[in-house]
Number of protein chains: 2
Amino acid sequence: MSGSTGKPLIGTMEELSAAIGVSRPTLSRYFQDPGRVSRTSLEKIRRGLERVEYTPNFFATRMNRQSTGMIGVIIPYLNDLFFTRLLESIEVAAMGEGYTVITQCSHSSPDVEARAAETFLSMSVDGALVAPLGNVSDFEAHERLNARLPFVLVDSRPRNMAHVDFVGSDHLQSTGLVTEYLCRKGAPPAFLAMPRVNFNALERENAYVARMRALGHDPEIIGTEAIDADWHFEAHGLAVLDREFSRGRLTDRSILCVNDRVAIGALRAAARHGLEPGARRRGGLRIAGHDDYPLCPFTVPTLTTVAQDVEAIGRAAVARLVAKIKGETRARAQSVDLFDGVLKVRESA
Amino acid sequence: MSGSTGKPLIGTMEELSAAIGVSRPTLSRYFQDPGRVSRTSLEKIRRGLERVEYTPNFFATRMNRQSTGMIGVIIPYLNDLFFTRLLESIEVAAMGEGYTVITQCSHSSPDVEARAAETFLSMSVDGALVAPLGNVSDFEAHERLNARLPFVLVDSRPRNMAHVDFVGSDHLQSTGLVTEYLCRKGAPPAFLAMPRVNFNALERENAYVARMRALGHDPEIIGTEAIDADWHFEAHGLAVLDREFSRGRLTDRSILCVNDRVAIGALRAAARHGLEPGARRRGGLRIAGHDDYPLCPFTVPTLTTVAQDVEAIGRAAVARLVAKIKGETRARAQSVDLFDGVLKVRESA
DNA sequence: GTGTATATTTGACGCGTGTAAAGACACGTA
DNA sequence: TACGTGTCTTTACACGCGTCAAATATACAC
């Protein structure tokens with residue numbers, strides 16, 4: 001048997017040992033850390049590996065090691081560039097720390113989410129990073145993970161898991177920031193929300209209300225009812241504002257959307273009704289979002305929003321998890337890392 | 001030691017056997033297929049598992065089984081909703097077949113891509129599904145996978161891997177379709193391309209040229225040079241057309257973009273120059289894309305495009321891979337599955 | 001009670017590697 | 001020559017579970 005390279009294919013370390021004349025334990029040490037074998041053996045092994053094809057069996061190696069070198073990541077869904085950016089920053093950070101990332105996607109299903117958690121337990125990953133689905137999450141599954149592994153919540157924190165380590169955005173700050181900006185530059189905004197299945201959505205909603213009250217304005221929230229059961233964010237924003245605009249409402253208001261994907265739907269609704277959202281015409285329609293979705297600079301008009309520091313969140317989450325894995329003493333107490341948002345003023349508000 | 005549920009935590013099958021009074025081999029059979037255990041044992045095990053917490057060790061189970069029940073998937077990058085949709089359909093299909101999907105993302109790096117392939121080999125996944133990076137891919141790594149595992153290429157097929165099983169779109173058909181549509185409804189389009197690092201991009205470019213010639217028009221291609229080294233698709237489309245429009249060129253032309261993300265940048269360029277792409281005004285600017293990116297219905301104007309059947313591609317790729325894994329006889333010959341695109345006429349062209 | 005067929009358990013071995021203990025070897029030193 | 005020192009090999013056991021042959025239990029008919 002041989003691979004595409006024509007080299008003979010070697011299946012086990014034992015065979016490799018026989019093939020290149022180095023004892024198996026020495027090979028074992030070599031594959032764990034080439035620095036732990038003598039120069040002469042190292043040369044012999046290097047030359048040998050050029051003649052044959054061999055990769056250590058992942059399962060056998062991990063089974064006997066205290067650490068598997070893997071961290072598990074669960075994200076709620078894939079079709080959202082926010083989560084792909086988060087995942088990317090996590091993977092890059094983890095790779096930098098020498099870990100292999102195993103990603104599981106909940107695909108909006110609590111069952112799948114729980115199964116992913118079980119998979120991580122059975123694979124005895126060194127730690128787990130979880131961005132939960134929301135209200136429908138299987139909290140028991142998360143608690144089980146948290147009880148048995150180094151565990152960090154990312155992006156969104158369920159109310160009943162307030163005792164767990166968390167890394168995310170400070171929505172009170174970020175939503176407050178954009179709310180304040182809108183109030184300062186024009187009419188106080190209404191808030192285009194979502195059905196309350198998601199903690200961040202609710203946090204932002206509350207942050208909006210608090211800031212509006214603090215500024216002496218009456219908050220106004222729309223869109224908490226699901227118009228379409230199988231809704232997507234953009235479709236939700238479009239449907240809600242399409243309805244409002246059709247009734248002649250909100251056409252000259254400021255509208256703060258719970259996130260940029262909803263805002264993109266809102267922009268579409270505006271276009272459909274011949275409205276041109278923008279900062280320049282005082283008293284006209286303004287639309288702003290939250291997250292700095294990668295497409296914001298390319299929408300028509302470009303979308304004013306507040307950026308989450310996704311990369312910092314990913315890095316911090318990995319750093320925190322690695323600290324817990326390595327059992328650093330300062331990792332005993334609970335930690336909550338919240339990152340500030342940064343206002344991105346563009347055309348739409 | 002105990003989990004969050006308070007149940008005693010059991011580490012090995014041996015301990016479990018002692019704890020609930022069923023022999024270990026019987027437990028082993030139970031966890032592989034509960035049907036292979038007698039009623040009485042089954043009841044005893046079920047009751048036992050309600051009292052203690054135990055999950056079989058993933059590594060130990062997989063090591064001794066001929067099949068690991070895992071398939072590896074490599075995608076080039078995450079920050080593209082096309083690939084997330086593809087990945088989603090693959091994961092759903094694989095889950096339906098009872099496989100666990102291990103996803104690795106190349107993050108635009110050939111090194112990472114090659115390492116992912118090695119990871120799959122060492123984990124002895126049952127098969128691998130790979131969407132390659134493009135010209136810069138490490139073909140040797142792919143060949144090594146193909147030589148040692150059931151292997152299927154998805155989405156994009158390097159020229160020098162024409163002998164490998166492939167599932168993707170028929171770009172000759174899809175690009176031809178939208179080209180023909182544009183010619184039929186208005187002026188023959190120019191083609192807004194990308195730097196030629198990607199096989200699909202080149203295939204579409206060629207398909208455009210062929211169809212234009214067949215219809216008796218002169219093809220015109222722009223944008224093959226990278227304006228910004230660290231370019232993203234939308235930024236590329238914006239930069240190229242911004243330059244052209246600034247010089248007064250192409251402002252009343254039909255423009256077919258190599259994909260929807262480039263087209264979104266093109267729409268942005270049009271807006272910046274006060275142009276309103278659309279099908280209705282004959283002789284005016286028209287912009288069309290390719291892929292049916294999920295945001296197409298929400299752009300301003302909504303984007304005319306040709307849809308790839310992503311779900312079918314994912315399903316077919318998994319079906320093909322599973323057939324190879326199971327060693328079905330009809331799986332001996334090479335297979336190439338190409339899916340037709342479907343025209344999605346919207347506002348922009 | 002015996003005999004037979006079937007279901008289940010038991011015991012033993014194997015998977016590929018980690019790892020610890022003990023011996024083998026070359027090297028430099030006294 | 002004898003003696004440490006460090007490196008490497010040998011030997012042996014461990015990890016948790018799959019798997020198979022052999023032994024045992026159970027059920028049933030007679």
Side-chain angles (χ1 to χ4, degrees), chain A residues 1 9-49 52-70 100 118-119 121-126 148, chain B residues 1 9-46 48-49 52-70 118-119 121-126 148:
Chain A
M1 206 180 315
L9 183 56
I10 295 222
T12 77
M13 241 183 195
E14 196 100 35
E15 292 170 32
L16 182 67
S17 165
I20 68 180
V22 174
S23 76
R24 193 180 64 70
T26 303
L27 289 175
S28 174
R29 296 215 315 278
Y30 169 80
F31 283 110
Q32 289 174 64
D33 176 10
R36 283 172 51 199
V37 300
S38 68
R39 287 252 167 274
T40 51
S41 299
L42 198 140
E43 285 307 314
K44 213 179 335 180
I45 295 173
R46 291 250 160 95
R47 279 201 308 278
L49 285 179
V52 301
E53 188 170 342
Y54 167 77
T55 33
N57 181 303
F58 192 82
F59 300 112
T61 60
R62 306 304 170 167
M63 197 171 66
N64 289 330
R65 240 190 294 234
Q66 61 292 7
S67 154
T68 57
M70 306 189 302
T100 299
E118 294 300 329
T119 302
L121 281 177
S122 74
M123 291 181 38
S124 42
V125 297
D126 289 343
R148 292 177 53 183
Chain B
M1 208 182 310
L9 183 56
I10 294 218
T12 76
M13 242 184 202
E14 196 100 37
E15 292 171 33
L16 182 66
S17 165
I20 68 180
V22 175
S23 76
R24 194 183 63 71
T26 302
L27 289 175
S28 173
R29 297 212 316 275
Y30 169 81
F31 283 110
Q32 291 175 64
D33 175 9
R36 284 172 50 199
V37 172
S38 69
R39 287 250 167 277
T40 51
S41 300
L42 197 139
E43 284 308 314
K44 213 179 334 179
I45 295 173
R46 290 249 160 95
L49 286 179
V52 300
E53 189 169 340
Y54 167 77
T55 36
N57 181 304
F58 191 81
F59 300 113
T61 58
R62 305 305 175 177
M63 197 171 66
N64 289 329
R65 242 192 291 234
Q66 62 293 7
S67 153
T68 58
M70 306 190 302
E118 294 300 331
T119 302
L121 281 177
S122 75
M123 291 179 39
S124 44
V125 297
D126 290 341
R148 291 177 52 182

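The structure presented is a predicted model; accordingly, all values stated were derived computationally and were not measured. In what follows, chains are A, B, ... by sequence order, proteins preceding strands, each numbered from 1.
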Sorted by number, residues from residues 10-19 of chain B placing a heavy atom under 4.0 Å from DNA chain C are none
By nearest-nucleotide position on DNA chain C, the 5'-leaning member of Met63(B) and Ser41(B) is Ser41(B)
Checking dT17(C), dT9(C), dT9(D) against the side chain of Tyr54(A) (C-beta onward), the nearest is dT17(C)
From CZ of Phe31(B) across to P of dG18(D) the rounded distance in Å is 9 Å
Taken to the nearest 0.5 Å, the spacing of Ser67(B) OG from Asp126(B) CG works out to 3.5 Å
Residue set satisfying side-chain contact (heavy atoms from CB on, under 4.5 Å) with Arg47(A), at least two apart, ordered chain then number -> Glu43(A), Lys44(A)
Taken to the nearest whole Å, CE/Met123(A) to C1'/dC17(D) is 17 Å
Which of dT17(C), dC15(C), dT9(D) is nearest the side chain of Asn57(A)? It is dT17(C)
Between Val37(A) and Ser41(A), the two heavy atoms sitting closest are CB-CB, 4.5 Å
Q. Which part of the nucleic acid does Thr61(B) contact within heavy-atom distance under 4.0 Å: base, sugar-phosphate only, or nothing?
A. sugar-phosphate
Rounded to the nearest 0.5 Å, the CD1 atom of Ile20(A) sits from the OG1 atom of Thr26(A) at a distance of 10.0 Å
Side-chain donor/acceptor pairs under 3.5 Å, residues 54-61 of chain B, sequence neighbours excluded:
unit_1: Asn57(B); atom_1: OD1; unit_2: Phe59(B); atom_2: N; d: 2.8
unit_1: Asn57(B); atom_1: OD1; unit_2: Ala60(B); atom_2: N; d: 2.9
unit_1: Thr61(B); atom_1: OG1; unit_2: Asn57(B); atom_2: O; d: 3.2
unit_1: Thr61(B); atom_1: OG1; unit_2: Phe58(B); atom_2: O; d: 2.7

Considering just the side-chain nitrogens and oxygens of Ser23(A), establish if one lies under 4.0 Å of OP1 or OP2 belonging to dT10(D). no
From CG of Asp33(B) across to P of dA7(C) the rounded distance in Å is 15 Å
side-chain contact (heavy atoms from CB on, under 4.5 Å) filter on Val52(A), not counting sequence neighbours, yields Pro8(A), Ile10(A), Leu16(A)
Rounded to whole Å, the CD-C1' distance (Gln32(B) to dG16(D)) equals 13 Å
- Message: Under 4.0 Å, heavy atoms only, any strand: does Arg29(B) hit a base, just the sugar-phosphate, or nothing?
- Response: base
To the nearest angstrom, the NZ-C1' distance between Lys44(A) and dT9(D) comes to 11 Å
Here the gap from Ile45(B) atom CD1 to Phe31(B) atom CZ, rounded to the nearest 0.5 Å, amounts to 7.0 Å
Residues at least two apart in sequence or cross-chain that pass side-chain contact (heavy atoms from CB on, under 4.5 Å) with Gln32(A), listed by chain then number, are Ser28(A), Arg36(A), Arg65(A)
Return the polar atom pairs (N/O with N/O) between nucleotides 11-14 of chain C and the protein under 3.5 Å, or none.
unit_1: dG14(C); atom_1: N2; unit_2: Asn64(B); atom_2: ND2; d: 2.7

- Query: Taking only side-chain nitrogens and oxygens of Tyr30(A), does any of them come within less than 4.0 Å of OP1 or OP2 of dT7(D)?
  - Reply: no
Atom CZ of Phe59(A) and atom C1' of dC15(C) are separated, to the nearest Å, by 12 Å
Leu27(A) CG to dG18(C) P, in whole Å, measures 10 Å
In whole angstroms, the gap separating C1' of dA27(D) from CZ of Arg39(B) amounts to 17 Å
### Query
Heavy atoms, side chains only, cut-off 4.5 Å: are Arg46(A) and Pro34(A) in contact?
yes
Interatomic distance, CZ@Arg62(B) vs CE@Met123(A), rounded to 0.5 Å, equals 9.5 Å
